[in-house]
K.L.:
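Pasting a structure below so you can have a look.
In what follows, every chain begins at residue 1, and chains take the letters A, B, ... in the order their sequences are listed.
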Amino acid sequence: MSGQLLAFWALSFVILSGALYIVTTKNIMHAVFMHLLTMSMIAAIYGLLHADFMAAMQVLIYAGAVTAMVVFALMLTKSQSRPDGAGMAVDNQQRGASFLTAAGFLAVVIYVLVPQKWAVKETAPIVKSDVAAMGAIIFKSYILPFEIISVILLAALIGVIVLARKED
Amino acid sequence: MNAAMTNYYYVVAFAIVGGVFGGLLLTVARIMRPNKVNKTKLEAYECGMEPFEGNWTQYSARFYVFALVFLIFDVEIAFLYPWGTVFRDFGVTSLIEMFVFIGVLLLGLVYAWKKGVLKWL
Amino acid sequence: MAIARPFLIALALVIFVLSNIVFFMWAEFKISGRVADRLGPMETGRFHGWAQPLADILKFLNKEDIIPANADKLIFRVAPFVGFIPVVMVLAAIPYTNKIFVRDFDIAVFFVIALSSFTFVSMVMGGWASGNKYSLLGAFRAAGMLLSYELPLGLAIAGVVMLSATLSLIGIVQHQTVWNIVLQPIGFLVFMVAMQAELQRSPFDLAVAESELVAGYSVEYSGMRYAMFQLGEFFGLWALASMAVLLFLGGWHGPYLPGIVWFFIKFYGIFLFLAFSRVSVPRVRPDQLMDLGWKILLPSALVNIVITATLIVLVPHYQLPLAISEFAILIGALYLMRRVLK
Amino acid sequence: MIPLQYYIIMSAILFTIGIYGVLARRNAILVLLSVEIMFNAVNINFMAFSAYITPATMIGQIYTIFAVASGAAEIGIGLAIILLIYRGRETVNVDEVNMLKW
Amino acid sequence: MPQHKSTPQLMEINLGPQHPATHGVLRIVLTLDGERVVKAVPHLGYLHRGVEKIVEDLEYFQIPPILDRMDYVANLNNELSYVMGVEKLAGLKVPERAEYIRVILLEFNRIMSHFAWFGPFTNDLGLFGTAFLYGLREREYIQRLFERTTGARMHYNYFTYGGLRHDIPEGFVEEARHLANRLPAVIDEFEYMVEENEIFRLRTIGIGPMDGKTALNFGASGPFLRASGIPIDLRKDEPYSVYDRFDFKVCSASGGDCFARYKVRMDEMRESVKIIQQALDQMPDGPVRAKTTRHLKLPKGEVYMRTEHARGEFGAYIVSDGGVRPYRLKLRSPSLSNLMASCVLLPGMVLPDLIATVASVDIVLGCTDR
């Protein structure tokens, strides 16, 4: 087993168990910080795919900004009166049905996807993850989505300000 | 192992060393330190008095707006770096593109400013 | 051997940085002592109290470790590590000269910025998990101010990235025939202020604000766990001060002396600045801090980017015009601010 | 060399966990976190395909960048809506928020 | 479905008694909305030693040491009101020389007290101990003089009815003159240290503004009141001792904010230096103590004597039933009134401003709690 494969297994284990923890724990704050861990490990997966810029961006945005927002939102909603969230019902009554739905979905996906033959480049992945190369591609070919992103972000900002200002 | 993977290997090694080092410090402390816990010691500190009930406070929604503005500018930084490495090659075009991008986000900042949500406390 | 090498390097580097940190601590004692017209530690170790930091570490090791009853035990234990491990990882990306470095990362700058966002996570975790009102308030402050100052920090660096068209720290230093502080004075100022805020040092030590929140997010931490937060802060100081040297002060460039000496001369210059500013100004209020971050530093960093980009693209030999216009704007803005504040 | 299938299966499982979370969770913030998990499962897929199939043009990777950026906007708005509901109803439980108007 | 707006979650928190910025053991129970103070209730009594009750069992000559322990930063100012009250009731005439020495020591003590305020005040604003130690350093020089004069560093027990316990030591005048000549430069240095500092100005100007009327209604006095633009100073308005022979200004400032309080104290120290210099020049020779008996019996009656303490009006109300012990000794402490006055300012402030305001009032808990 090569080192990369080992790393992949380890990362997958952490990611999947972290995700399972997020969807099953009763403690919301634990879920938030486990989310942080999971996202950081996904960043490591990106590293394994030779996309170090994306890995750093994943850490920057998910570990930094999104965690901050979720923590703030949690603190604003007082969704628990005690830090450990004891005595809170965080799940609904559809756990069994949800599990069946999810399992069915997984079965279908695996049934469809796994036998598929992908046109994998034999030499791949060898791309040198160069920020400059990526910048060149974005600013040459994807300039419209780039500008649209800025508008979306602006819309989100204005939306949040309008929503948050309702109190006054 | 190619160069990029070696980089990651180093980063992981540093992380492990950091973790182990921290753990080592705590372990040494665990051996050395006294451990005489009593109920009073385990109380939360509140200036020497018994704490009032409820250590949970609801902050104003303004703070949330801070987090969001931060998120948005964080995304902008993430785009600025690749742009900063290549923008000379495209000349004036990329300049204009970026100005539009920054301008639109700046509009958001100015909007937030004018609406008075950039006010902590 | 190839497998163990990174670990050995990491260990050596951590120990090297740690020994420097011991010196930092002593120097800070001495500097804050001299500034306050006293001697600072004199007894421990006989010669000018050189052993005081070691004694402090020993004391930390001997302190009882108390986890409050209503704390969230898991997060309480994990938080110091979340603060500590990323700053150790950052060490992998920092070069000291073009010969002495761990790895030359393609995205070193971005890597450092990304990892520095863990600092505030650790503070929020620690402050929240303590189950204490003061630490909760401190955690809020930490979250707010670190968020607000990461933006100017990142944007100030963006100006440097644009000048050298690379994210590699070695590349950036090699590109600096003229030190970037000359070409990017606005960026440098923004970086220095944001750096102090990121490091939670006075006058921006709001999250620990001794006279207000007692010790902020770390109220309930004691002994070695508390020391780990402090260590993380010092490692962060190491990382960010090195970044300041590499990005703005020409890294290891300098005449006569070898590069590594130049690096550490500049590094300790930055450290002296931090040590002096810590003891000479009062703490700002949270809202003033936010105003500074969002309404002064962030726009200035954006202005810096716009000027830099425009001049680089439009003027072939951009260095002189860039330096002149940046300095002109900086001086003008400072003058105006002074007029407005008076 | 890690086969591409590994990534796909891993992200499929991750996506499934996210689906379970969205369906079974009652707390809106946890639902949103589950959505984030699904989101990242998709991103892993993009990245894997990008690395294995179009390494030169980086299509998947660029797609992911934009997806992350718009995802950031999404979670921002999502949380803001949750906050608004909380302010009106004192609850963040999605099964109690069943009216069209509040 | 009924619509209801969520009420802000308020947090109740203890600020003190054991807190780095409450100057002893003041406890303020705060109700916070985020960091904004909704309600602030001071709780006193953590340093209550029953001074007023203890003194009922003591003879008149035994009382000054107890009073020393009230306001432990400006001790001589405490003693003065009481001994002057006793003198007034007993009809004692204090020798000139004793009056002058009293004035010199009182003004030095005022300066010491203001130094001891200046340091912690900057510390509470977050200045990392620098100005604190500068303040204490200057205080130390004066304290050494006091130690040589009175024999104690803190609880001097130097004033007694009829004058002083003993005469000043050799070289007192020279040392005092040296100190007095040195102090203006020191005060300038302190001002230079903080006043031009942008952050200091931001943290103090306009923070905790107190209007003069409210301050008066709460019975505030001293620098706290004068900072609100009401120049009431007992040394000028009803001169006691020999204060009418000196030329000095009553310092006041408008605004009533933390900066004004700081400024008033700084100016006041300069005036005190002037008084000291004049007193040193005019000081006559002679005895320092009138003829009195140890077990003094006061005639039946009552007297209220008030003097300008470093923190405001310090009053001693002595009721005598004709015995060797007071029937009742009521002490009016300026700290208490000033603290109560400042507490109306606190709601609506944010926590750092609250700390700055409470610090700027200059309370000494030994004085408020007695």
K.L.:
Under a 4.5 Å heavy-atom cut-off, does chain D meet the side chain of Val70(A), its backbone, both or neither?
P.N.:
both

K.L.:
Could you tell me the separation between the CG atom of Leu16(A) and the CD1 atom of Ile17(D), rounded to the nearest 0.5 Å?
P.N.:
5.0 Å

K.L.:
Mind ranking Ile9(D), Ile8(D), Ile65(D) by heavy-atom pairs under 4.5 Å with chain A and telling me who comes out on top?
P.N.:
Ile65(D)

K.L.:
Any chance you could measure Met47(D), atom CE, to Ile42(A), atom CD1, to the nearest 0.5 Å?
P.N.:
11.5 Å

K.L.:
Mark yes when over 12 heavy atoms from residues, nucleotides or ligands other than Tyr142(A) sit less than 6.0 Å from its OH; otherwise mark no.
P.N.:
yes

K.L.:
To the closest 0.5 Å, what do you measure between CE (Met39(A)) and CZ (Phe39(D))?
P.N.:
10.0 Å

K.L.:
Side chain from CB out, backbone as N, CA, C, O: work out which of these in Ile62(D) comes under 4.5 Å of a heavy atom of chain A, or both, or neither.
P.N.:
side chain

K.L.:
Relative to chain D, which segment of Leu20(A) carries a heavy atom at a distance below 4.5 Å: side chain, backbone, both, or neither?
P.N.:
both

K.L.:
So what's closer than 4.5 Å to chain D heavy atoms on Met57(A): side chain, backbone, both or neither?
P.N.:
side chain

K.L.:
For Leu30(D) and Ala31(A), which heavy atoms make the closest approach, and how far apart are they?
P.N.:
CD2-CB, 3.6 Å

K.L.:
So, for Met69(A) and Ala72(D), which heavy atoms are closest and what is the spacing to 0.1 Å?
P.N.:
CE-O, 4.4 Å

K.L.:
With heavy-atom distances below 4.5 Å as the criterion, would you say the side chains of Ile37(D) and Thr38(A) are in contact?
P.N.:
no

K.L.:
Please state whether the side chain, the backbone, both or neither of Glu74(D) comes within less than 4.5 Å of a heavy atom of chain A.
P.N.:
neither

K.L.:
Can you tell me how far CG of Asn43(D) sits from OH of Tyr62(A), rounded to the nearest 0.5 angstrom?
P.N.:
6.0 Å

K.L.:
At what distance, to the nearest 0.5 angstrom, does CG of Leu33(D) lie from CD1 of Ile22(A)?
P.N.:
6.5 Å

K.L.:
Of the backbone (N, CA, C, O) and the side chain (C-beta and beyond), which part of Ala65(A) lies under 4.5 Å from a heavy atom of chain D, both, or neither?
P.N.:
neither

K.L.:
Closest approach of Tyr46(A) and Ile44(D), non-hydrogen atoms and distance?
P.N.:
OH-N, 3.9 Å

K.L.:
Heavy-atom distances under 4.5 Å only: say whether Leu79(D) touches chain A with side chain, backbone, both or neither.
P.N.:
side chain

K.L.:
Heavy atoms only, distances under 4.5 angstrom: which of Val68(D), Asn40(D), Ile77(D) has the most pairs with chain A? Name it, please.
P.N.:
Asn40(D)

K.L.:
Which heavy-atom pair separates Ala103(A) from Thr16(D) by the least distance, and what is that distance?
P.N.:
N-CG2, 4.3 Å

K.L.:
Please report the closest heavy-atom contact between Ala69(D) and Leu153(A), naming both atoms and the distance.
P.N.:
O-CD2, 3.8 Å

K.L.:
Going by heavy atoms in the side chains, are Thr101(A) and Tyr20(D) under 4.5 Å from each other?
P.N.:
no

K.L.:
So how far is it from Ile152(A) CD1 to Phe66(D) CZ, rounded to the nearest 0.5 Å?
P.N.:
10.0 Å

K.L.:
If you compare all heavy atoms of Val23(A) against all heavy atoms of Gly21(D), which two are closest, and at what distance to 0.1 Å?
P.N.:
CG1-CA, 3.5 Å

K.L.:
Would you mind reporting whether Tyr7(D) and Ile45(A) have side-chain heavy atoms less than 4.5 Å apart?
P.N.:
yes

K.L.:
Take Leu5(A) and Tyr6(D) through the side-chain contact (heavy atoms from CB on, under 4.5 Å) test and state the conclusion after the steps.
P.N.:
CA-CA 10 Å; Leu5(A) 204 56; Tyr6(D) 282 22; 3.8 Å; yes

K.L.:
Decide yes or no for Met10(D) and Phe8(A): does some side-chain heavy atom of the first lie under 4.5 Å from some side-chain heavy atom of the second?
P.N.:
yes

